[in-house]
Structures are given as C-alpha cells and as structure tokens.
Protein chains: 2
Amino acid sequence: MTNWKEIDQNVRAWIKEAGSKIRDSFQTELNIKTKSNRNDLVTNMDEATERLFIEKIRTTYKDHKIMGEEGFGDELLDLDGVTWILDPIDGTMNFVHQQRNFAISIGVYEDSVGVLGYIYDVVHDELYHAHRGHGAYMNDVKLPDLNEVEVEDSVIALNAQWVTSNRRIDPKILSPLVQKVRGTRSYGSAAIEMAYIAAGRLDAYLSMRLAPWDFAAGKILIEEVGGIVTDLDGNELDPLNKSSLFVAKPRLHQTIMTDYLKR
Amino acid sequence: MTNWKEIDQNVRAWIKEAGSKIRDSFQTELNIKTKSNRNDLVTNMDEATERLFIEKIRTTYKDHKIMGEEGFGDELLDLDGVTWILDPIDGTMNFVHQQRNFAISIGVYEDSVGVLGYIYDVVHDELYHAHRGHGAYMNDVKLPDLNEVEVEDSVIALNAQWVTSNRRIDPKILSPLVQKVRGTRSYGSAAIEMAYIAAGRLDAYLSMRLAPWDFAAGKILIEEVGGIVTDLDGNELDPLNKSSLFVAKPRLHQTIMTDYLKR
C-alpha cells in the first residue's frame, strides 16, 4: 500500500530545497541574463529544478512514474499506479520578467486520481497543499470550504487575450462575462491562479489551453474546498492530455456554463 | 525651506504603523464580514487609515494641504505649497476579496511637482519609495534605470475590460497590442502596477480612468528610473484631476503611442 504520509513528508522537503535553490539563483541568473537571451536562461533553471525532483523520486520510489514539463520524465500511455506530474516552474514568463509570481506545482496521482497536490509560491514562501479527502491548506492553515457568490459580485481570472481575436475561442463568448463581473485579474501562472481559487481570493478562472502539469496539483486543491474543475465544455479533465480549463465555485460554475459558455 | 528628510522619516514611520494596523485588523474584518456587507467593511478600513494619516499630517505640518480618496482632506483648487496626495488603500477590491495585493499610496507634492512618493504593499511588506532627483528604491535597495524592450518581448498590465465594449475606449484600439505583446497581466491596484513598472517587472501599464491619489506616488517612482508617465493622449498628468494613464519604458511608450494609440 502506498505510504502517502511518507510521500507527503518527502515532497515538502524536496520542494523547500528546490525553492531555496531557485531563490539563491536569482543573483546568478541576473548576471547570465546580460550574456544570453532570456528564453535560454529560463529553460536552464526549469530543467535544473525538474532534474532535482526526478532524481529524488527515482531514487526513493523506483516503481513510480513521472510526467514533467521539461520532458525528463517517462513517456506515459496511462496513469496506472503512482504518477508524479511536475511543473518545476509554472509561470516561466513571470520568472524571467519579475523573479516572482511563479510556482512549483506537483500532483501525485494514483490510478488516474489525484491524491496529493502542492503549489509552492517560491518568492512569497507560501505552500498550498491538499490531500484528497483530508482538506486543503496554505502554510498548514486549513482553507475553508468556498462560499458561493453571484456573477456580478465575483472576481475572475481571465487573460485579456481571450477577449481579443485568438485561435482558441471567439472573443464574443467571454466579453459579456468580463463586463458583468466585479473585476478581472490575470497573474500569468495557472498554478497560482488555481491556488487563489482554492483560497477564495478568486471566484473563477478560465484558460484556453493548459497541460496536465499546469493543473494536476490545483485540481486536487480546488476539489478539496468544494470547487468545480472541468474543461470549457464541462467535461472532467484528462490528466494525460492538454485541454482548456474552467474552475469556479459550484453555483458560479453552473451559471457561467449556462449563461456565457452556453454548453 | 521644506525639510524633506524629516518628512521622509515621518512618512515611513506612519506607513509602517498604518500597515501594521491593517494587517492586525484582518481577523476582526473577517468577523465583521459575516455581519455586514463587504462594501461597508472596506469603507470603514479605508476611512480609518486615511484618518490616521490626516491626523498625523495636520498635527505635524499645519501649513500642508491634503487630498485624500475618502474625502477627509481639503478641497483643493491648486497645488501651491506642500500637498499630500493619499490613497489609504489602493486596490480596495483586492483588499476585500483577497486580503492582499493592495497598497498604501502617498505622494508629497510641492507647487504641483512630485517630490516624495511611497507605495507600500502591506501584506508582502514591500515599501517602494522615491525622492525626486535621488532615485527610486524597493525596501531601500536602489532600483536600476529601466531597460528598453521591443513590443513583442514586453509584458504589459491592462485590464481585460478595456478590450471589450466599455464607456472609455474602443476595444479595437488596444486589442492588436494585446495580441502583439509577450504577455498581459492585471493586478487590480494601480499603485502596485506602477511600482511593478518602476521595478522593471512590467514594461507598460494602461488604464482608462484614475484619480490623482491612484497615480501621485507611482509617477514619481517611475520617472526616477527613466519611465514615461502620461495620459492616453500623451499629455502630462494633472495631479488635481482624474485622467487616463499610460506609463511605459521610453521607446516602448513612443511605439505604443504611434502604432496603437495613434495619437
């Protein structure tokens, strides 16, 4: 039987170690930045962090599988057994431009079901975590169940690009929602945006195309506080494939689905 | 002659005191929230913070004038002499919904010219300040002059509402900019967005309607690191009146003005 308590202790220690290395690297990175281009730089740091996790997982859990954004994990055809779904730095653009507002995101799944989820906002030192059936937490303080909110009182996360011409969605679909809500925000990290949903700081978040490592941890967090996690058609997410994402408080999810997405 | 060094020391002490009171109040506020409506609540905290500053300023500087968002200051017809321009809580919606991502913003002007500017991100304990002619700082670390960036490599702050139908601007004007830039963000606090520009974390920020207390401090910060602060027509801001706002790195400001705003 999988020892989830031990896995939890290990993940936390590894996340803190990786976060510390990322913070320490800022000075070096800023130097590198002037010699190279910013995109190369990020890839290096993303890769180093993913390698750190993979080495530790492989050493400790030889029978676990790994899916990682940077491609050092396994080629997966299914999620049977225990699978780690890793995003070493979610919010890469923020990492390069801001040296903040990015997160380490780790979901541990068993037979396709998310069991442990971790989102670590490295610079603000905030660790959001959830254990399926045991609640969601920020820095070990339990997050309460989400309160309902009306559309007109809600604050939603939505990037401005989705209400201008783009390849993924007709801008006419979400524009009326932007006009109706109390406010819109965009932070540039799906993991942080999902952590904000779990913490009740945002009421809904919509994105047109995300990968499993972007949402694997956030899904567990949000479901533990009663939020709804689907794609834009209202379907369950497939943690093996890319998809759109629509997370919200339950009644708000239903209202936006019916009145705006019209699915 | 105005003793700016003494004013600087006083403002810092007052901001820290106010920030501490705001942080301490979160528990109380969360209790109040369940008894009252969220908008009343904010007004109370905004007002209490503005009153704290006004009392201190009036006691210490009897001949200074005050313009405050909550209306406890003076009715001003000009900015002759020394004027304090205060926003006790910039990002009120964030304050209510998130208990973070809001700031105390204070600009001290002399004969219409901004001399001292302070933006305090209360929850993250980050104080951005500038003294005209003496540089801009974050937590007393000097911010470097802004680097130039191409439109396609830039990250800009722009709320999604400005690219959907709204009363202020044709959404067709800024949509091509959203499509061209590397990324768009929206944080919901003009003061924090301006501090991010000064710190080089965002390259441009556009907003359709702000009040003097929203931009009074940020203008000083941004100009100290070489950024350009105007309204959407490229005119100098009037610290006595509401206006649109367009801040950016110098060449980027010119390019966006010519190619997108077409003014």
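So you know, we letter chains A, B, ... as the sequences are listed, proteins then strands, and number each from 1. The figures that follow rest on heavy atoms only: side chains count, while hydrogens, waters and symmetry mates do not.
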task = Under 4.5 Å heavy-atom distance to chain A, tell me which part of B/Asn101 shows up: side chain, backbone, both or neither.
result = side chain
ask   = Going by heavy atoms in the side chains, are A/Arg100 and B/Tyr196 under 4.5 Å from each other?
value = yes
message = Tell me whether the count of non-hydrogen atoms from other residues, nucleotides or ligands lying under 6.0 Å of NZ in B/Lys142 goes above 12.
response = yes
task = Under 4.5 Å heavy-atom distance to chain A, tell me which part of B/Val163 shows up: side chain, backbone, both or neither.
result = both
Separation of B/Leu158 CG from A/Gln161 CD (nearest 0.5 Å) = 12.0 Å
ask   = For the atom pair CZ (B/Arg182) and CE (A/Met93), what is the distance rounded to the nearest 0.5 Å?
value = 6.5 Å
message = With a 3.5 Å distance limit and no angle check, can you tell me whether A/Gln179 reaches the backbone of B/Ser165 through a side-chain donor-acceptor pair?
response = yes
note = Closest non-hydrogen contact found for B/Thr184 with A/Ser186 is O-OG, 3.7 Å
key: Interatomic spacing from CZ in B/Arg201 to CG in A/Asn94 - rounded to 0.5 Å   = 11.0 Å
key: Heavy-atom side-chain contact between B/Leu202 and A/His97 under 4.5 Å   = no
request  = Specify which of B/Gly200, B/Gly188, B/Pro171 makes the most heavy-atom pairs with chain A at under 4.5 Å.
outcome  = B/Gly188
query = Any chance NZ of A/Lys16 has more than 12 other-residue heavy atoms, nucleotides or ligands included, within less than 6.0 Å?
reply = yes
